[in-house]
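Here's the structure, in structure tokens; my notes come after.
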Amino acid sequence: MIAPLLACDQKESMGSQSEAKLKFCIDRGGTFTDVYADIPGKPEGRVMKLLSVDPSNYDDAPVEGIRRILEEFTGKKIPRSSKLPTDKIEWVRMGTTVATNALLERKGERIALCVTRGFRDLLQIGNQARPHIFDLTVSKPSNLYEEVVEVDERVELVLDKEGVDVNSSPSLVQGISGELVRVVKPLDEEALKPLLNALLQKGISCLAVVLLHSYTYPDHEILLEKLALSLGFRHVSISSALTPMVRAVPRGFTASVDAYLTPVIKEYLSGFMSKFDEGQGKLNVLFMQSDGGLAPENRFSGHKAILSGPAGGVVGYSQTLFGIETDKALIGFDMGGTSTDVSRYAGSYEQVIETQVAGAIIQAPQLDVNTVAAGGGSKLKFQFGSFRVGPDSVGAHPGPVCYRKGGQLAVTDANLILGYVIPEFFPSIFGPNEDQPLDIDATREEFEKLARQINSYRKSQDSSARDMTVEEIAQGFVNVANETMCRPIRQLTEMKGHETSNHALACFGGAGPQHSCAIARSLGMKEVLIHRLCGILSAYGMGLADVVEEAQEPYSAVYGPDSVIEACRRETILLKQVKSKLHEQGFGEASITSETYLNLRYEGTDTAIMVKRPINDDGSGGDYAAEFVKLFQREYGFKLQNRSIVICDVRVRGVGVTNILKPRPLDSAPGAPKIESHYKVYFESGWNDTPLFKLENLAYGHVIPGPAIIMNGNSTVIVEPNCKAIVTKYGNIKIEIESTSSTAKVDEKVADVVQLSIFNNRFMGIAEQMGRTLQRTSISTNIKERLDFSCALFGPDGGLVANAPHVPVHLGAMSSTVRWQLKYWGDKLNEGDVLVTNHPSAGGSHLPDITVITPVFNKGRLIFFVASRGHHAEIGGITPGSMPPFSKFIWEEGAAIKTFKLVEKGIFQEEGITKLLCYPSSEESTHKIPGSRRLQDNLSDLHAQVAANQRGITLINELIEQYGLETVQAYMNHVQANAEEAVREMLKSVAGRVSSESKRSGEGDLVTIEEEDYMDDGSSIHLKLTIDSRKGEAFFDFSGTSTEVYGNWNAPEAVTAAAVIYCVRCLVNVDIPLNQGCLAPVKIYIPPGSFLSPSDKAAVVGGNVLTSQRVTDVVLTAFQACACSQGCMNNLTFGDDTFGYYETIGGGSGAGPTWDGTSAVQCHMTNTRMTDPEIFEQRYPVILHKFGIRENSGGAGQHKGGDGIIREIEFKRPVIVSILSERRVHAPRGLMGGANGARGANFLITKDKRKVYVGGKNTIQVQAGEMLQILTPGGGATEEKKCEFQ
């Protein structure tokens, strides 16, 4: 029998009052609330599960759980309407989703945002990237604030401190970070008062405040806070107090989240405390924060509460399994009802400083927990001939079909069908009276309906296909769900430089142990650990956590002896602050430990790492810089030579150690494990009569071979065949995974509907992991931070198999690049060769986009290609940055490479590639064209691209090892056929919907539409689109398009192909993989000699960034999918001999049939990010005066177009500025009667205040004190009544 597992350490820091008191650990999750109560005299404790939301029975699940357990313990009835007695409660520790839910559902407090004048739209624009690149509606989460107050104040950083005396002017101040600050405009309190009073009159009494550079100069924010509180505001969140770190956008979001959620949390906590008879005075309650530490009720705030529940789980598995049950690093796999969370632990908590939740960036220390799927509630669908699981969830209400609330099929239903969930061991809390079990009959009925649909489809593909049973279908969905979850787990682990297979899987959550064996096997792991309280481990973790206080301040300095001394001085002050807060909470000095960190980065990069102070063998503090270099190299695969390390922040974390719950060992097993009963469980081989064991009746050392079921309270642990479970010394379950045979045979003739989904995931996973490797190992800002790259996998014929959706303008375009190389080299490619190319006539886009291609061989036979394309910021040419506005010939734009073996038979050809990059071929020009100005960056990024391709090859070989080459290549064809089918269906439906009022003609099954639009020089793009509604085919005929231009907005054919495949993928509106199949029903004709198919001498740098946007507008208008978007990327470069800077600026997106356009966002063919205003001013000699939405620049109509952006940049010293833009002459057009969007405009405002129009494309020598004003175009509008495509 099971022995006592938990004992309470009596040396509790918080002081133990009495033996006969209960201790409650509670996790209020999205679906269920879990309660663990530590009860005197009951060593195993008491576990309870309740529905989190059950308004017909109780108001609050945590209070209800405490009430029921108190009733059991005292034997006295406690009515729900009365207050709970606290004399029997020692403490309550709780994690809650109240904050997360309020954020997701947008049910927080009414708040206003106070921000520096000129930046009212700072948070709405954010980094200007759109969340989903194929979503034409560009739906972004709504703002948290209702009103904005622009504060008349401004401070600037003084970059050149040489010879500047701080005391020379009262406006010069030394900031907290050590940076010199000039107060250009002090805060005007009198002007603010009426604005703040107006908010109070509107009923808004909470404020979020973010003023530029307040991280180093917080005085203005502090003044504003005092003023607001004196006027009667209830709550003010100032960004400098919450996260004093550089970067205004995440700091502003954090302040908004805090102001939005803290009042909601305070209200919830106040209501929670009011349910107890002693109220706040006596009940000892601590709340779990996102960083894995506990905080008392008065210090628990909104921005630290987002990961409250998941953090408990990380604490739970890390403190009970690591170093106790295994020495391997752990991957935490927490699969609950509504989400699946993944984390990692290898001896210390892995934290991140920034995360994104529900569209809001939160900048605060938090555990690195990633939600990778929708959990047991992931919705099951059969679409376009393949199984799809998630990402949509059926939610907690109505939930899966088996919950008896009229829900939809979900993973939980599939597990029920297979016998992985046994109704009599699941709480009977369903139905109107909450007393019925899971409804297996309703679930089977829904699966039978689905089976008829699936089998009908399979018969249509192959008349001899055998019908799939309900069980096979359920098993198929579970297999697809497992693969869908494995894909992000591999990515997240390997992105940080760790090999997934070297870990043990720590499984918990209600559904986790049902999937653990399959997930571990798929990830190549040999060991699974399941805590005996796995179903409520997040709750139990609350009882293992410590109380944490943090303090942090910015400090900007180059790392060196003097700055380290100053950092240590700051550490000492911060340490005093955190210790003082812990002393106030009753912790003695002996119970407090501390950790100090420096946030470090290489100069010139954005990749900072929070480095914990290393401790030497003798106990003294080690060298932060050496630790940083080690961590950087592990995560990114290289170190930067001769580059200074910069300190950004000093952070101290104080921990009040509580030592409350301790594991106690079990006695060893006296005999064989007791089989309670047998149940039918379905595995790959069919139904198995499977023994069921109860964990409470097992003892240390019991070994249970699979297949088996171990009931662990409310959790079902499935031990699969070829696995064995062992009960450990502390009563937990360790499962050893025996690797199965290395090949899995699949019928190659007709695609298996389950394997189709799995291979789709695997192929896409390979492309994504290549992308992660490239991002990780690259050096340039463009690739590492702006994410201007793409990776893809191709068949032996060069046909696209999977393209990770990074930058749309690269989509599908690489296929022609690979095919050109295949045709050129023929059979002269060998194992160990890697090709490099960027020439437009060889399938390239523009010269800065360099493609690296690696052929993949198997036993001497060419079987695949892998390729990666990245934007290199410098490859030579007539202007720095390689984006010249006035280039007329390709050789003026830099190094042009049709083909070169970058690696030949395994040897990197550095001399050859250096020659090509440094001495561009310019035999036809009379002038010598400069070569690359950043050769070392080019070589580093090319090495990173080779490494990314190598990662792809390794993953392809693993796939072949598992399934066999024939099967992998068969599914390479099947996934393309599957995508083709999806596109054909879309084209058939579009043909039927295209409005009869469009310019269309045709007869029978053919629908023909003609569209035309113009570049600013008058060149036209003419499209005749013919759709065959019977076959589901489309012919894009660009005959009539203008000839090659004497300029640089010629677009290589690959760019037009990318624009077409992007539009087609947007219209399909289903998550199909991007591959050659998408283009199979599509034919494209581009007249040779037109500016969409120019000669190989033509300049093309603007075609990729400007013309691609116009092609997209023409195609989408032809389909009547949406009005024209801004139709431009607004490319801005500036610099001198010492530096260069490049950005693309967003604008308005076009409205659609049923939606308004989105303002100030990257549109269509680009999705790169914008540099934060504070980083912009910290790194470059500029002042950003305005960055906001250009009001009313979107077209007017029933659905209005999105507005463009206004960006005003003053230069502090002379620089060369180049602007490459469009839509300055021809406006973005509306659709079906909707008005056009406003045209863009570029102005130079001189020192004497003259405003000079500089046109769409220009290079200017700007003087210090002059300002560039860029107004980007708005999107066109639509009139709903005439617009039918949806």
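From a predicted model like this one, the values you see are computed outputs, not experimental measurements.
- Lys901 has its side chain within reach of Leu835: a pair of non-hydrogen atoms, C-beta onward, lies under 4.5 Å apart.
- Counting heavy atoms from C-beta on, the side chains of Asn803 and Asn1075 never come closer than 4.5 Å.
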### Task
Decide yes or no on side-chain contact (heavy atoms from CB on, under 4.5 Å) for His846 and Met883, but give the supporting numbers first.
CA-CA 10 Å; His846 63 176; Met883 297 281 288; 4.0 Å; yes

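- Counted by atom type alone, Ser1149 and Gln1126 present zero donor-acceptor pairs between their side chains at under 3.5 Å.
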### Message
Determine whether Asn1131 and Ser1221 satisfy the following criterion, side-chain contact (heavy atoms from CB on, under 4.5 Å), listing intermediate values before the conclusion.
### Response
CA-CA 6 Å; Asn1131 301 268; Ser1221 60; over 6 Å; no

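- Looking at His132, its side chain never comes within 3.5 Å of a backbone N or O of Phe134 through a donor-acceptor pair.
- Of the possible polar contacts, one joining the Asp1016 side chain to the His1226 backbone as a donor-acceptor pair under 3.5 Å is found.
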#### Entry: Derivation of the side-chain contact (heavy atoms from CB on, under 4.5 Å) call for Thr851 and Ser868
CA-CA 6 Å; Thr851 308; Ser868 51; over 6 Å; no

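- Annotation: side chain of Cys1063 is in contact with side chain of Thr1112 (closest heavy-atom distance under 4.5 Å).
- Side chain of Asn1130 to backbone of Leu1220: no donor-acceptor contact under 3.5 angstrom is found.
- Of the N and O atoms on the side chains of Ser845 and Asp849, at least one donor lies less than 3.5 Å from an acceptor on the other residue.
- Under the 3.5 Å distance criterion, with hydrogens and angles disregarded, no donor-acceptor pair is assigned to the side chains of Thr1041 and His1022.
- Under the 3.5 Å distance criterion, with hydrogens and angles disregarded, a donor-acceptor pair is assigned to the side chains of Asn1048 and Ser887.
- Remark: the Gln945 side chain and the His872 side chain contain an N/O donor-acceptor pair separated by less than 3.5 Å.
- A donor-acceptor contact shorter than 3.5 Å links the side chain of Ser815 to the backbone of Gly798.
- Side-chain atoms of Arg130 and Gln1162 include no donor-acceptor pair closer than 3.5 Å.
- A donor-acceptor contact shorter than 3.5 Å is absent between the side chain of Glu1012 and the backbone of Ile1021.
- For Gln1261, the CD atom is densely surrounded, since the number of other residues' heavy atoms within 6.0 Å is greater than 12.
- Neither side chain, Ser1090 nor Thr1043, offers a donor N or O lying under 3.5 Å from an acceptor on the other.
- Taking both residues in full, the closest heavy atoms of Ser1125 and Pro1228 are given as O-CB, 3.4 Å, listed atom of the first, atom of the second, then distance.
- A donor-acceptor pair is defined here as one N or O able to donate and one able to accept, closer than 3.5 Å; no such pair exists between the side chain of Ser1218 and the backbone of Pro884.
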### Task
Carefully, step by step, assess Arg1239 and Arg1223 under the rule side-chain contact (heavy atoms from CB on, under 4.5 Å).
CA-CA 6 Å; Arg1239 294 175 301 175; Arg1223 292 287 194 205; 5.8 Å; no

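- Applying the salt bridge (Lys or Arg N to Asp or Glu O under 4.0 Å) test to every pair with at least one member in residues 868-891, sequence neighbours left out, gives these pairs: Glu874-Arg933.
- By the 30° and 60° cut-offs, the orientation of the rings of His943 relative to Phe908 is parallel.
- Taking the six-membered ring wherever Trp is involved, the centroid distance between the rings of Phe1035 and Tyr1085 does not fall below 6.0 Å.
- No side-chain heavy atom of Val834 sits less than 4.5 Å from a side-chain heavy atom of Ile853.
- Between the Thr1107 side chain and the Trp1049 main chain, a donor and an acceptor come within less than 3.5 Å of each other.
- For Arg819 (side chain) and Asp797 (main-chain N/O), a donor-acceptor pair under 3.5 Å exists by modelled atom type.
- A donor-acceptor contact closer than 3.5 angstrom is absent between the side chains of Tyr1253 and Asn1242.
- Between Arg1190 and Leu1271, the closest side-chain pair of non-hydrogen atoms falls below 4.5 Å.
- Within the structure, no pair that satisfies the salt bridge (Lys or Arg N to Asp or Glu O under 4.0 Å) test touches residues 1042-1059, not counting sequence neighbours.
- The aromatic rings of Phe1176 and Tyr1141 sit tilted relative to each other, their planes meeting at an angle between 30° and 60°.
- Here OG1 of Thr1056 is found 4.0 Å from CD1 of Ile1086. Values are rounded to the nearest 0.5 Å.
- A salt bridge is defined here as a Lys NZ or Arg NE, NH1 or NH2 lying under 4.0 Å from an Asp or Glu carboxylate O, and Asp1013 with Arg1229 meets this definition.
- For His871 and Phe789, the gap between ring centers reaches or exceeds 6.0 Å.
- Contact of the Pro1087 side chain with the Phe1038 side chain is registered, since non-hydrogen atoms from C-beta on lie closer than 4.5 Å.
- A salt bridge does not link Glu1011 with Lys1024: every distance from a Lys NZ or Arg NE/NH1/NH2 to an Asp or Glu carboxylate oxygen is 4.0 Å or more.
- Within the 4.5 Å cutoff, side-chain heavy atoms of Phe1119 are placed close to those of Leu1025.
- Val801 has its side chain within reach of Gln976: a pair of non-hydrogen atoms, C-beta onward, lies under 4.5 Å apart.
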#### Entry: Audit row: Asp1096, Lys898, salt bridge (charged side-chain N to carboxylate O under 4.0 Å, His left out) steps and yes/no
CA-CA 10 Å; Asp1096 62 1; Lys898 283 191 177 175; 3.2 Å; yes

